[in-house]
Asker: 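Have a look at this one before I ask anything.
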2 protein chains.
Amino acid sequence: MTTVDPTTGTCPAPFPETERVLLGHGAGGRLSAELIAGVLVPALGSAADRGPLEDAALVRMDGTDLALSTDAYVVDPLFFPGGDIGALAVHGTVNDLAMRAAMPVALTLAYVVEEGLPLADLRRVTASAGAAAEAAGVPVVTGDTKVVGRGAADRLFVITAGLGRRLPGAAPSAAGARPGDAILLSGPLGCHGVTVLSTREGLGFEVDLASDTQPLHRLVGTMVAAGGDAVHALRDPTRGGLAASLNEIAVASGVGAEIDERALPVPEPVRAACEMLGLDPAYVANEGCLVAFVAPDRAEAVLTAMRARPEARDAVRIGTVVPDGPVVVRTAVGARRVLDMPLGEQLPRIC
Amino acid sequence: MTTVDPTTGTCPAPFPETERVLLGHGAGGRLSAELIAGVLVPALGSAADRGPLEDAALVRMDGTDLALSTDAYVVDPLFFPGGDIGALAVHGTVNDLAMRAAMPVALTLAYVVEEGLPLADLRRVTASAGAAAEAAGVPVVTGDTKVVGRGAADRLFVITAGLGRRLPGAAPSAAGARPGDAILLSGPLGCHGVTVLSTREGLGFEVDLASDTQPLHRLVGTMVAAGGDAVHALRDPTRGGLAASLNEIAVASGVGAEIDERALPVPEPVRAACEMLGLDPAYVANEGCLVAFVAPDRAEAVLTAMRARPEARDAVRIGTVVPDGPVVVRTAVGARRVLDMPLGEQLPRIC
């Protein structure tokens with residue numbers, strides 16, 4: 001099996017593990033990382049931007065730090081409690097920009113539509129995207145719509161890109177975590193993934209749950225105002241959940257992490273669903289929370305500032321960065337277990 | 001039937017013509033315009049950028065004019081003589097920026113992949129996108145890959161977005177054409193559309209043809225250097241072909257146009273294929289030429305500069321902007337026929 005070298009983030013070509021794309025290659029776990037490092041970046045050649053895999057890329061222009069990000073959304077179903085593919089696409093791109101401390105300036109919106117989609121669905125998704133953009137204070141400046149024949153796509157895919165401008169005074173990066181940093185989590189785990197899965201499969205958990213999809217840029221603005229350059233790294237734990245985010249930051253920063261399991265906020269319906277389905281909430285996708293790595297002397301100030309925002313009123317400290325080793329969870333009875341990078345797909349088409 | 005008001009570019013909601021999305025809604029013709037004006041822009045509400053529909057949006061930041069564009073590519077087949085979906089996606093976004101006189105600064109690249117796609121295909125498409133980006137002098141700074149199950153997409157869709165910086169001294173806009181402007185065309189018509197269609201259907205015309213896919217930003221740089229603000233409008237005639245581009249510019253600028261049919265450069269294999277298939281070359285998609293509307297006193301200088309570039313050595317003047325009326329073609333025998341906006345899909349999944 002091909003493995004990613006944790007020091008370089010690369011793995012050997014020509015990718016012997018499989019000759020075809022698997023669902024897991026899009027799941028945000030180790031297979032995704034291997035596809036990016038073993039196929040996509042080498043194939044792009046010198047056109048590829050090298051460096052740690054960030055949520056958004058920085059582009060310096062005339063002394064201004066801009067950020068650029070893109071996301072493709074294939075969530076099934078299109079509509080679910082708490083949101084839909086349109087709002088999700090806007091929030092996801094706004095949040096990817098925010099993870100680099102960039103405030104959104106403009107969004108693009110592209111659709112791949114299956115012939116026969118009810119126009120009412122397209123109108124509803126578009127209205128939701130528009131409302132989400134307006135609430136986030138960012139215009140949708142351009143778009144594209146392609147239609148493919150019946151059976152050549154599953155109803156609707158939405159692809160957003162975002163341009164942002166970085167806040168002065170902060171430079172969070174996936175490679176920025178330092179030993180001793182406090183690890184903060186802005187909200188409860190698992191609501192988005194369990195809601196989408198439960199709605200799709202008709203499991204009934206969605207009655208008590210809703211996706212947490214929301215924009216996080218204003219929260220980040222508050223955190224940067226309170227913590228400045230002590231905000232070392234930010235990530236929104238979407239595909240692959242908290243486990244993937246912690247492992248990505250740890251690898252890119254060359255550090256380890258210790259997480260206190262008792263501190264992890266898992267709502268009761270999420271816990272019940274995960275127990276029934278054999279899922280670990282730490283691997284379930286979220287769309288409205290972030291994990292932050294903050295220098296210890298500013299961590300309390302940042303946490304207090306977070307809790308003053310409605311997006312993060314339940315923010316908690318969940319652990320500490322350590323010099324090396326894997327990401328480890330300390331359980332209620334004091335045992336330690338490794339929180340691995342997920343391999344592939346726990347929940348397909350969750351975003 | 002819903003019609004677009006030629007003076008405002010809008011049409012009445014709630015879009016009574018059809019209740020479902022048709023293939024033609026993504027074809028770049030009248031149905032596309034109606035979908036945008038009747039469904040998408042109203043649904044986006046105040047988040048939508050108002051104004052003429054341009055190839056790329058302008059975003060002013062700290063006194064610098066940036067341009068932002070996005071395109072979704074669903075071309076079938078993925079590979080064809082002269083190019084593939086990867087190169088096409090890069091060129092298409094570079095060209096959309098160029099149509100606003102913006103030089104590309106950074107690209108994003110997103111994939112929606114069908115489970116089971118050979119990794120070799122993904123590698124080949126990515127290498128082609130990387131080579132195209134490198135040749136255009138623009139880095140791919142970020143991306144996203146989603147995988148959906150078998151049958152939920154047709155192999156691979158590629159979505160690019162581009163950030164550009166506007167050249168000083170030129171402000172081409174779809175609304176910029178003026179009566180008396182010379183209408184210039186940079187290269188032969190129909191090569192891309194006929195090549196893709198012929199390859200897909202195994203018609204054999206592709207033996208003598210190749211897609212014209214190429215980046216046009218350096219050509220635009222040359223034109224702006226020669227013509228400055230006399231370059232009033234630029235458009236690359238992709239979906240819907242030359243006819244759609246001419247009608248879009250005419251509507252947005254509130255003018256008419258007269259085209260000399262004898263001046264239209266149609267390669268013999270394109271003419272033969274179009275005759276056999278009942279297509280009009282003026283409606284077939286191109287991916288490597290542009291149509292320019294240039295003030296008459298600078299038209300010859302711009303045309304000479306165009307011909308000095310390899311992308312446009314066969315550039316010709318094809319007509320003149322007139323104060324009003326439809327887009328009209330004057331045939332070899334002196335007859336006049338209206339070159340309408342295409343309704344919908346002449347060739348599905350051509351880009």
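Below, chains carry the letters A, B, ... as their sequence lines are ordered, and counting in each starts from 1.
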Asker: Rounded to the nearest 0.5 Å, how far apart are CD of A/Glu19 and CG of B/Asp121?
Answerer: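 Nearest 0.5 Å value for the CD-CG distance: 11.5 Å.
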Asker: Is it the backbone or the side chain of A/Arg239 that comes under 4.5 Å from a heavy atom of chain B, or both, or neither?
Answerer: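 Contact with chain B: side chain only.
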Asker: Identify which part of B/Arg124 has an atom lying under 4.5 Å from any heavy atom of chain A, answering side chain, backbone, both or neither.
Answerer: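 When you check distances to chain A, no heavy atom of B/Arg124 falls under 4.5 Å.
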Asker: What are the two closest heavy atoms between A/Ala47 and B/Glu134, and how far apart are they?
Answerer: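 Reported closest heavy-atom pair: CB-N, 4.1 Å.
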Asker: Are the side chains of A/Val112 and B/Val112 in touch, meaning some heavy atoms are under 4.5 Å apart?
Answerer: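 Of all side-chain heavy-atom pairs linking B/Val112 with A/Val112, none is under 4.5 Å.
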Asker: Are the side chains of A/Tyr111 and B/Leu40 in touch, meaning some heavy atoms are under 4.5 Å apart?
Answerer: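 In contact.
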Asker: Say you draw a straight line from CG of B/Leu119 to CG of A/Leu22; how long is it, rounded to the nearest 0.5 Å?
Answerer: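 Interatomic distance, B/Leu119 CG to A/Leu22 CG, rounded to 0.5 Å: 7.5 Å.
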Asker: Of the backbone (N, CA, C, O) and the side chain (C-beta and beyond), which part of B/Val148 lies under 4.5 Å from a heavy atom of chain A, both, or neither?
Answerer: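 The answer is both parts of B/Val148.
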Asker: At a 4.5 Å cut-off on heavy atoms, which part of A/Val141 comes close to chain B: side chain, backbone, both, or neither?
Answerer: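 The answer is both parts of A/Val141.
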Asker: Are B/Met61 and A/Leu66 side-chain neighbours, meaning at least one heavy-atom pair lies under 4.5 Å?
Answerer: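 They are in contact (side-chain heavy atoms under 4.5 Å apart), so the answer is yes.
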Asker: Quick one: OG1 on B/Thr108 to CD1 on A/Ile159, what's the gap to the nearest 0.5 Å?
Answerer: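 Spacing of OG1 (B/Thr108) from CD1 (A/Ile159) equals 10.5 Å.
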Asker: For residues B/Thr142 and A/Asp96, determine if any side-chain heavy atom of one lies less than 4.5 Å from a side-chain heavy atom of the other.
Answerer: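 Counting from C-beta outward, B/Thr142 and A/Asp96 never come under 4.5 Å.
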Asker: Does the side chain of B/Arg123 come within less than 4.5 Å of A/Pro42's, by heavy atoms?
Answerer: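 The answer is no; the side chains never approach within 4.5 Å.
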Asker: Could you walk me through whether A/Asp62 and B/Asp62 pass the side-chain contact (heavy atoms from CB on, under 4.5 Å) check?
Answerer: CA-CA 9 Å; A/Asp62 301 339; B/Asp62 301 341; over 6 Å; no
Asker: To the closest 0.5 Å, what do you measure between SG (B/Cys351) and CG (A/Asp144)?
Answerer: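 Output value for this atom pair is 7.5 Å.
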Asker: Tell me the closest heavy-atom pair linking B/Ala129 and A/Leu44, and the distance in Å.
Answerer: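 What the structure gives for the nearest pair is C-CD2, 4.5 Å.
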Asker: Taking all non-hydrogen atoms of both residues, which atom of B/Ala161 and which atom of A/Ala161 are closest, and how far apart?
Answerer: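 Nearest pair, atom of B/Ala161 first, then A/Ala161: CB-CB, 3.5 Å.
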Asker: Which is it for A/Val21 and B/Glu115 under the side-chain contact (heavy atoms from CB on, under 4.5 Å) test, yes or no, and what are the steps along the way?
Answerer: CA-CA 5 Å; A/Val21 176; B/Glu115 180 189 14; 6.0 Å; no
Asker: How long is the straight-line distance from NZ of B/Lys146 back to CG of A/Leu23, given to the nearest 0.5 Å?
Answerer: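 A/Leu23 atom CG to B/Lys146 atom NZ measures 13.0 Å (nearest 0.5 Å).
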Asker: Output the residues of residues 68-78 of chain B for which the shortest heavy-atom distance to chain A is under 4.5 Å, in residue-number order; output 'none' if no such residue exists.
Answerer: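 When heavy atoms of chain A are the reference, residues 68-78 of chain B contributes B/Leu68, B/Ser69, B/Thr70, B/Asp71, B/Ala72, B/Tyr73, B/Val74 within the under-4.5 Å range.
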Asker: Quick check on B/Arg165 against chain A: is it the side chain, the backbone, both or neither that has a heavy atom closer than 4.5 Å?
Answerer: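 For B/Arg165, side-chain heavy atoms alone lie under 4.5 Å from chain A.
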Asker: Can you say whether B/Leu109 sits under 4.5 Å from chain A via the side chain, the backbone, both, or neither, judging by heavy atoms?
Answerer: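 For B/Leu109, the contact with chain A is made by backbone and side chain together.
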Asker: Using non-hydrogen atoms and a 4.5 Å limit, figure out which bit of B/Val105 sits close to chain A: side chain, backbone, both or neither.
Answerer: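 Interface part for B/Val105: side chain.
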